[in-house]
Amino acid sequence: MPATKRGTQINENRRRWLGGAGAAATVLTLAPGVRLLDLALARSEEEPVSERVRWGMLVDSTKCAQGCTDCVDACSDEHGLTGMGRPQTDAQYIRKLDLKDKTTGKAYSLPLMCQHCETPPCVDVCPTGASFRRADGIVLVDKHICIGCRYCMMACPYKARSFVHEDLTSQVPETPRGKGTVESCNFCVHRVDRDREPACVEACAQAGHNALVFGDLNDADGALARKLEELPSRQIREDLGLNTGVRYHGV
Amino acid sequence: MRWCAILLPAMLYAAVAAAEVPVPSPPRGDGAQCVEPTEVMRRDHMKFLMHQRDETMHRGIRTTKHSLVECLSCHTRKDDEGRFVSINAPGEFCQECHAYSGVTMDCFGCHATTPRQPTSRSAQSLGRLLSDTSFRLHIQP
Amino acid sequence: MEHDTAMTSVRYQTLDGQSVGYWALLALLALLVAVGYAAAHYMEVQGHHVTGMTNQIVWGTPHVFAVFLIVAASGILNVASLSSVFGKYDYKPLARLSALLSMSLLVGGLIVLVLDLGRPDRLIVAMTYYNFKSIFAWNIFLYIGFLLVVAVYLWMMFEPRMNRYSKPAGFTAFIWRFVLTTGTGSIFGFLVARQAYDAAIMAPLFIIMSLSFGTAIFLLVLLASFDWSGRPVGDDILRRLKNLLGIFVAAVLYMTMVYHLTNLYATEHHAVERFLLVDGGVYTLVFWLLQILAGGVVPLVLLFAPQFGQSRASLVTAAVLVIVGGLAQIYVIIIGAQAFPLMMFPGMEVSSTFYDGVVNEYAPSVPEILLGLGGIALSLLVAVVAMRVLPFLPERAGKPTPVSAAEPTPAEAAG
Amino acid sequence: MSVLSVIYALIFYAATLIMVAGLAVKIWQYARTPAPLKIPTTPAPTTAAGVGARMFREVVFFESLFKGSKWSWLFGWLFHFGLLVVLVRHLRYFTEPLWWISALVQDIGVYMGFAMLLGLAGLLVRRSVVDRLRYISAPSDYLMLGLLIAIGGSGLLMKYVTRTDIVAVKAFFLGLMRFDWQPLPTDAMLLIHLTLVAALMIIFPFSKLLHAPGLFFSPTRNQADDPREHRHVAPWAAKLDATRAPGN
């Protein structure tokens, strides 16, 4: 089936579905300005991802509400992360951190996930190349060739990765995950490849916080670059020179 | 005499063993035709899946022709209560032949064995539903 | 039975292997191996949640045993190197045993490592997909290469026609094992993420550790295999090994001190050093009591204080303590370092549902310990079987000890 | 049912018949061959249980070959062990439902296929490089090695390059066993593999491969070293013995 024809079909189906269910909330997040790429940059289904794009995110800690876990919940829902009631071994792709400045006592709240480094230590150490960085900057685990050695978990300065400690049966089609392999935030790559935002960003916007901005770091006119220009931001463990794809404002 | 000693058991065996040959009969898929001829799929389905897996994983190419999710959408059956049955359950499409030929599948430790079960979705995840290929296929008339 | 072409002809003989003791030892080791394998199988079927490991402490007790065995494997070849590379021909009769143990310990260590993988069934993937930037990937080559190099070295030593090549083969193995242990140490030395690692000194520290642990294990295996098979061990060779062990133990203590002092130089590392050396609870205890005191100071006293002199009992005790201390040292290096929280936000108190900012908990689980012990048992089992099948052991080691001088006075030992 | 399927069905019936009957004849012949004297290679066990243990070590570990030649032992054992696992793996084509042992070795069996080829290659190199071995080698020695290498090679090629429909292959063989013929896939590599296997089966009872059953009838291996404890009387000699006057 040609891509264009198929695309139309999807849209027709979406329209039909939305009409029936009247779920307006989802459409709002797809409103103008939130669209990920200009039409000129959008790639067809057969086209591989390229280095022209580098996906990134800005976390505006000043807008991140203490105690709010909408992004975490959305992530769990999106990727089918069901806890086993063992917090030490349950997987977390994204987690909320509560910080308190030891001198001023000022409190901060922010989500932490895979920082999608430009030079990721996890990719350096992985013996099989299962841990890799896609051309568009998304750091992934190819679970087909992950042997579960956990060297990447030792190497990650953000403790962003989890090891699957048990057999799973609750996987969702978009996020295959299984016992004995390592996993982490993948920027919802299945959504990004279909021109949509990661689930956490969508959830944060739905909750009205808008603390997360996702976009193309290479696109000077894009929403993310404009935001980065406007707000001062930093990288966590900037001393390591990893040039992270996730930046933080207000901490 | 010597030959009788050999032939007799053979003939006895023949009498006992002559029976229907067990041959797997995987359930037919939904569509009219698979994405490749059956003869090709029987030999090389794993080559297609491996190729597609690397293309998708490393190059972000999400064409659907050889995608495992698409296999599921055609080949999973529903039980009496309308819920999908895992494709690797005994007797189901994948397991039927793999059990027969003693091949273990390493797909479904990680990959979902059914399309998204529509009943289990909450209203919150409408957005995800919309982009879900399998869901799309099943609401088609 | 074969004859060596060395100046002094050495006769090697297989173990008789008919005694009840031999079969009992074999049965015990086989049982431990079986139990270790069952433990690994249990962990694989259940998933790693039945072990002590978590998403915070990702390398646990099996890694302690595996790294210990791999490191010791490299060091135990030292005895063979002394004769092939450094021309100390007194060690030559022991070279075969040394090479055998280096292979069997490496195999034992690697099996433990592999069985603790999340997907041990995918071992072949580790052999077919390589990321050449990964020190782990280098190590796969180093380990396999080591086994091949030492196997060739052994062949050169066994085959009379090949004896003349045993020196270059021994030299290759000598170089190879330094590179191998450099690789093992660098697994930790290049980890920028964690405060206790990311130190170039890890490689030389591991090399000196390998010599110490390897010599201790060699001493114990030597005494056991010779005593139990009625082969005499001369005091001269034991004295040499004793002095070697003492030097290596002292060197490990020195390198450990340098490691901590260099860490302490950078103020940013004071927190982790404080954790390891002062208030790290079990890790501090293990460090001071087992690693430094039991594994370093006490063996030095036993080896060098004149009161203990030439007593074989004190030598054996010292070697056992060095092994205990070695396991303790690797426990602190691997697990202690992971217990300390990652420093992502200096000057901030951090908390989360993912155990950020707190000292991580780890308790070794029974299956993990059984897997580790199974690895040690496998190493010994391989060696014990090999000694029966091929002539690894010489009929004697060292010069004959006069019966009356079995326990010489310190004055005699000095002279 | 294609002509090809019928031809292969007939070939395999013939090959099986020749191999089974030939082996039976040979074993019958071995069993009746007199062993008039006690000639175990010493040191030999002195009890029947000891002989059993020795035979076990001989069959499983190739003990005497190990003592004789380390390289032949290494390659020979590698080949035989590999072959064993590969054969057990191939049981999947003949058993429904699958036997547990066959299911168990499915994964390792592939690597054993490579081990088998490595062993065969070693044996071939040894035979053609070592002077005194080359001197005593007959064409049939090379034929056996070549045949086995070709069988292993074509099998692995089917695994990794040109695949076949193994479900149909299994149905074909189950069909042969149940006299309910099923079509055979017509993939070239499969046909090559099967032809070679049939050839090996036919040659087996006329070749040096008879060492497999022959080993068990080897008097230097299967006799207890007990001529002082028991008088050894070969069955054919017992008749003569009985006619003799007692006490003589």
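What you see is a predicted model, and the numbers here were worked out from it, not measured in a lab.
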Audit row: B/R62, A/V189, side-chain contact (heavy atoms from CB on, under 4.5 Å) steps and yes/no: CA-CA 11 Å; B/R62 291 183 186 269; A/V189 64; 3.6 Å; yes
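- Nearest heavy atom pair, residue A/V172 against residue B/A112, reads C-CB, 3.9 Å.
- No donor-acceptor pair closer than 3.5 Å links the side chain of B/E55 to the backbone N or O of A/P48.
- Here B/M57 contributes atom CE and A/I145 contributes atom CD1; the two are 9.0 Å apart, rounded to the nearest 0.5 Å.
- Counting non-hydrogen atoms of other residues, nucleotides and ligands closer than 6.0 Å to CZ of B/R28 gives a total of 12 or fewer.
- Interatomic distance, CD1 of B/I61 versus CD of A/E46, reported as 8.0 Å (0.5 Å rounding).
- Within residues 131-144 of chain A, the residues that have a heavy atom under 4.5 Å from a heavy atom of chain B are A/F132, A/R134, A/L140, A/V141, A/D142, A/H144, listed by number.
- A/T69 pairs by the side chain to side chain donor-acceptor pair (under 3.5 Å) definition with A/D73, not counting sequence neighbours.
- Side chains of A/Q171 and B/T114 form no contact here, defined as non-hydrogen atoms less than 4.5 Å apart.
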